[in-house]
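Please read all numbers here as calculations on a predicted model, not as lab measurements.
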Amino acid sequence: MVRLLRPFGRVVTYTRLLHLFIAIVWPSMWLFVEEAWWTWVLAGALLVPAGLVPAMRTVEGLQARLLLTGHRHDSRSSDIVVAPSASWSDRGRVVVWLEARLLIGCLTAMLIVRLLVAAVDLTLSASGRDVAGGALFLPGGHAWWHALLVPPVLAVVGALVVGPGLLITALAHRLLGPSPAERLAAMEERTEQLLERTRIARELHDSIGHALTVAVVQAGAARAAGDPAFTDRALGAIEETGRAALEDLERVLGILRESERPVSSRPTLTDADRLLESARASGAKVDADLTGPLDTVPGPVSREGYRILQESLTNVLRHAGAVPVRIRIEVGDGNLALEVRNPLTAQIPGPGRGSGLRGIRERAALLGGRARTGPDQGDWQVHVELPLR
């Protein structure tokens, strides 16, 4: 019983009924001029050209969002579109929507009024009074048992208050909802947003993770060395790495604040010397072999290559410490080959574990390349190949 009465405690139940009654206000005004059936036919005919106007979907969508679903006009949680019609299919659905709204609103209003009049007539008849005879059904004569018919009539009125509202809401989602093309565009936009969030997460992981790793390694080495000169160099390396991390953080936060802001000033492989010096300052013995014109590498490939090299060096410092590192970067034959090798230690990240290694593989896959990470001939290897076209 409580479940049946629950809809009557919701505001949206009555706003849906209001939405239906609004649709019949202007046709009902004609009844004061000419009370004839053809006025409703003419009203339905006028809705056809009105529905073909592209802006009509915006008007109806705003009403439907507010009165049928209770959502604001700028809410993204509703699947009712408020954009103008973009195709003839959209216009056709708006026309069907307008006709259905007029028909359902007319029938609902007529039945509710007639049934309320019937309830009043039945009550008066049960009390022995004469009635005007405006009810849909009224047993002849005066009888007390006419009062027993009032609750069923009111129950039907309650069903008419709730039922048509649910029906028109379902039709709104169907007729005012996005078209297949709009759904596809929304899905593509959502995919782009997820990809951008993933890319930003990788950027933060690589840049901030690298800076913190260098700072931890340098601070630990300085404390263990006990040499003022070494401590000064360590502090300088920490300062330089931290400054670069702050620049990366500010750039990423700028992208988050301004979603349409273009990606710019991201480091590329031409800035690889900064990474190599940072690793050397942390105690790693870096042997780098850079072959080919790095400045001709396309921007996206060069930027992702820099991040891959940064994450590889971060993993070396984090898991192996100050060990010899061999780096090979080769540009040629339409590919960029990047390899980082260091001796295996007891602390080895297992294959497939860690967001850093996963990020390396994701970066390579997005550019159509491939990446291999794991033990190889007594070394830990990160080998990446990226196409330049």
Side-chain angles (χ1 to χ4, degrees), residues 12-71 73 78-121 131-138 153 156-180 182:
V12 72
T13 299
Y14 306 101
T15 58
R16 288 170 178 172
L17 194 63
L18 175 63
H19 181 267
L20 288 173
F21 287 171
I22 290 176
I24 63 172
V25 169
W26 65 276
S28 300
M29 296 175 63
W30 287 356
L31 296 179
F32 293 98
V33 179
E34 185 72 28
E35 189 173 354
W37 61 269
W38 58 265
T39 58
W40 295 99
V41 177
L42 180 59
L46 290 177
L47 291 178
V48 175
L52 297 179
V53 177
M56 185 57 68
R57 187 167 72 156
T58 301
V59 175
E60 293 297 319
L62 291 173
Q63 290 187 58
R65 279 196 177 190
L66 179 62
L67 298 179
L68 298 184
T69 66
H71 291 95
H73 67 89
S78 175
D79 57 355
I80 296 178
V81 178
V82 295
S85 299
S87 65
W88 286 106
S89 175
D90 295 337
R91 295 182 177 93
R93 291 192 298 154
V94 173
V95 170
V96 175
W97 159 257
L98 292 175
E99 300 289 355
R101 184 184 175 191
L102 177 64
L103 177 61
I104 296 174
C106 177
L107 293 177
T108 301
M110 181 181 66
L111 290 175
I112 288 179
V113 171
R114 293 293 180 88
L115 288 173
L116 289 177
V117 172
V120 173
D121 288 350
V131 297
L136 286 174
F137 169 74
L138 182 62
V153 171
V156 176
V157 172
L160 288 174
V161 170
V162 177
L166 296 175
L167 176 60
I168 197 65
T169 302
L171 287 176
H173 288 293
R174 180 73 176 178
L175 299 175
L176 297 180
S179 64
E182 289 170 330

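- Without hydrogens or angle criteria, Arg57 side chain to Gly51 main chain gives no donor-acceptor distance under 3.5 Å.
- Between Leu47 atom CG and Leu52 atom CG the span is 11.0 Å, to the nearest 0.5 Å.
- No side-chain heavy atom of Glu60 sits less than 4.5 Å from a side-chain heavy atom of Leu175.
- Using a 4.5 Å heavy-atom threshold, the side chains of Val53 and Val59 count as separate.
- Interatomic distance, CG of Leu17 versus CD1 of Ile112, reported as 5.0 Å (0.5 Å rounding).
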**Request:** Check the pair His19, Arg101 against side chain to side chain contact (heavy atoms under 4.5 Å, CB included), reporting the backbone distance first and the verdict last.
**Result:** CA-CA 9 Å; His19 181 267; Arg101 184 184 175 191; 3.2 Å; yes

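- Residues Ile22 and Leu18 meet the side-chain proximity criterion, which asks for heavy atoms closer than 4.5 Å.
- Taking CG from Asp121 and CZ from Arg114, the interatomic distance works out to 11.5 Å, rounded to the nearest 0.5 Å.
- The minimum heavy-atom distance linking Ile104 with Thr108 is given by the pair O-OG1, 2.7 Å.
- The shortest side-chain heavy-atom distance between Arg91 and Pro54 falls under the 4.5 Å cut-off.
- Nearest heavy-atom pair, Pro164 versus Ala159, reported as atom, atom and distance to 0.1 Å: CD-O, 3.6 Å.
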**Message:** Pair Val162, Arg16 - check side chain to side chain contact (heavy atoms under 4.5 Å, CB included), show working.
**Reply:** CA-CA 8 Å; Val162 177; Arg16 288 170 178 172; over 6 Å; no

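- The shortest distance between side-chain heavy atoms of Leu67 and Tyr14 does not fall below 4.5 Å.
- Ala100 approaches Leu171 most closely through the heavy-atom pair CB-CD1, 4.1 Å.
- Separating the OG1 atom in Thr15 from the CG atom in Leu68 is a distance of 7.0 Å, to the nearest 0.5 Å.
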**Request:** Could you walk me through whether Arg93 and Leu176 pass side chain to side chain contact (heavy atoms under 4.5 Å, CB included), step by step?
**Result:** CA-CA 7 Å; Arg93 291 192 298 154; Leu176 297 180; over 6 Å; no

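- Taken from CE in Met110 to CG in Leu160, the straight-line distance is 10.0 Å, to the nearest 0.5 Å.
- If you take OG1 on Thr169 and CD1 on Ile80, they are separated by 7.5 Å, rounding to the nearest 0.5 Å.
- Looking only at side-chain heavy atoms (C-beta outward), Val81 and Asp90 stay at 4.5 Å or farther from each other.
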